[in-house]
Participant: 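The structure's right below; bear with me while I get my questions together.
Quick note: numbers below take in every heavy atom, side chains included, and nothing from hydrogens, waters or symmetry partners.
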Amino acid sequence: MKVLADFKCSFYLLTLVLNHATKSYTNTLCLIRKNDIKMFKIKTYTIVLIGIFISTLVVSTEAFSQSKNVNVENTIEYFNQRNEAVGLVENEKWQEAIPILEKLTQAYQKDGDIFYLLGLSYYQVQQYPNAINALKKILDLGGGTVLTGNPVGSDPSNDIMIQIAKAYSLNGDKANALLWLQKGFEARYDEKPFIIGDPAFESFNDDKDFKALFGIDTDENISREIAWEKDLRYLEKRIKELQHSNKKALIKTDFSKSIQDIISNTSTLSDEQIVVEVMKVVGSLGSGHNLVLPTTPKIGALKKLPVQFYQFSDGLFIVDAEEGYEQWIGYEVISIENTPVEEALVKTNVVNARDNDMQVLWLGPYYLGLPDVLQSLAIINDTKEIAITLSDTKGNAQQVIMNPVSWNFTGLAKMPRLKVEKQPLFLSKRDDLYWYEFLPEHNAIFIQFNLVGQKEEQSLKDFNIELRGQIAQNKVQNFILDLRHNNGGNGAILGPMIKTIINFEAANPEGTIFVLAGRETFSAAQNLLTRITTTTNAVFVGEPSGSSPNFTGESGWFKLPYSGLMGIISSQYHQSSESEDDRKWIAPHIPVARSSTDYFAGNDKAMDVILEVIKSSRK
């Protein structure tokens, strides 16, 4: 065998080197027999070489042992059984899958996917010790797996560690359950706050050691200042657990020092002011996935202005409003108190963790709607009454006093629907995850992909199967994909959409792919845009994207134990492009700005440009 041959070759070469070295130093010793130092050198050098030889022997022996169980006697039977087992798991037929999976792992021990499915199957039928052994085997093979169609569980290595902790817990082994929870957290497990209350840990949900993992102290009779200090110390720990080092971060900071400064000043800050200071810490970490949910704390929840701002190419405008403030929709914002709105927008950068400056346009207006943030940025003095100078379409300015309202954070800001019955195409189904419409007069199909997720009534895979059939049946020549409302989701399920796009180009060499994108094209949608631009000749129309081709993403959750304040920290690096692709965004081939005039008139200028390109290409 080649491994054995390599081993013998290594042994022979090391023997020659060892003999040569020994002879060389022995000759030296003959000349200087009384020099003890020389004798020491001989022994040391010989020992080092022997050590190298032994290390090589161990490595070679391991390589030799690893060659075992590589050859499957009946490969076709193995393949068929593997497919059968995967199908059984997908249909949640756990008990039927186990004997097949056991046979497969006995025949071949290098496939982590099969051990993963076996571990999950054992877990589902409550064979917890067997589940633990199978799941640990995956980690021995190098980490997680990459599987699709699995009805339960998740496959990154940190998720597998948590699954092992659950199995230990359900088997009554608290010590190992806590040990594997800690391992999972240290490996940047994203959903840590949601472990509390999980049925798998019900037996010790109130346990002191279990609570300590989440920063929860059993002593409830503590002062406000100490409670905030405990929260902030836990935040510091959680950031260190989660944060992925990002050399391209827009802002560098010593967040530990910033946290200490907040702790030193808690007695002079209100709860709301502390929340804003936490937002500054998270905002300074330099990645667009870092975010605080300001409505989550039990104390210090932030209120917002009763209007929504949007930054167009011709200014900042009110695009939506609470009841009683609807009359201001369509007005341009000139200033907030005495601060010009352009200056105020730039000031929000201290709380706006961002991948690039398109996120200033996207999320800066959101932060301008939070009075406590405005006060912290020295834009306003009073958070209860905010004076805003507005201008109508004729240029008439007036000052309006607005009072903040309570609200619930439900997601990142999006361009709202117009206050009219008939909506333009790009706003007509903004809340629908994915849909399409034929444009027969342009021999085109318009597909809007608004969130990388799954519908209960139709999976993304099934949607794309339907899409491919419809495209072929209708002989579509122009493929228009709208990602302008899509700020991400589950990037692991993008495969079917990518296949559809590549398949279209391959089947329609004379056709054209158009992609509409902009500031809100973010996270998993950015991954999709990057893949499209690197694998097809798609024409990108609109604004620069909201993130960079390679970025630090994911959503590692934190929840502070006393205040309840929640947020997310970016925890994983996503490389969708070349390793040296340092672009801040993907720039459009046809740049089209968003103006307030077009928006309020229901015009979609970017779409109009695409249709004009299609029309001109026919000539």
Participant: Can a donor-acceptor pair be found, under 3.5 Å and without considering hydrogens, that links the side chain of Asn450 to the backbone of His485?
Facilitator: no
Participant: What side-chain donor-acceptor pairs closer than 3.5 Å can you find for residues 368-378, not counting sequence neighbours?
Facilitator:
residue, atom, partner, partner atom, Å
Gln375, NE2, Asn381, O, 2.9
Ser376, OG, Lys280, NZ, 2.7

Participant: Can you tell me how the ring of Trp180 sits relative to the ring of Tyr168, calling it parallel under 30°, perpendicular over 60° and tilted otherwise?
Facilitator: parallel
Participant: So, the side chain of Asn290 versus the backbone of Ser570: is there a donor-acceptor pair under 3.5 Å, distance only?
Facilitator: yes
Participant: Could you check whether any side-chain N or O of Gln311 sits under 3.5 Å from a backbone N or O of Trp362, counting only pairs where one atom can act as donor and the other as acceptor?
Facilitator: no
Participant: Using the rule given for ring-ring contact (aromatic ring centres under 6.0 Å, His included), can you reason through Tyr128 versus Tyr122, listing the C-alpha separation, both sets of side-chain angles and the distance that settles it, and then say yes or no?
Facilitator: CA-CA 7 Å; Tyr128 299 122; Tyr122 281 140; over 10 Å; no
Participant: Using a 6.0 Å cut-off, check whether atom NZ of Lys455 has over 12 heavy atoms from anything other than its own residue.
Facilitator: yes
Participant: Between Trp228 (side chain only) and Ser223 (backbone N and O only), is there a donor and an acceptor less than 3.5 Å apart?
Facilitator: no
Participant: Can you tell me if Lys559 has over 12 outside heavy atoms packed within less than 6.0 Å of its NZ?
Facilitator: no
Participant: Kindly check if the number of other-residue, nucleotide or ligand heavy atoms within 6.0 Å of CZ (Arg238) is above 12?
Facilitator: yes
Participant: Once the angle between the rings of His289 and Phe522 is folded into 0 to 90°, is it parallel (under 30°), tilted (30 to 60°) or perpendicular (over 60°)?
Facilitator: parallel
Participant: Are any of the side-chain nitrogens in Lys136 or Asp140 under 4.0 Å away from the carboxylate oxygens of its partner?
Facilitator: no
Participant: Salt-bridge test for Asp113 and Arg82: reply yes if a basic N is under 4.0 Å from a carboxylate O, no otherwise.
Facilitator: yes
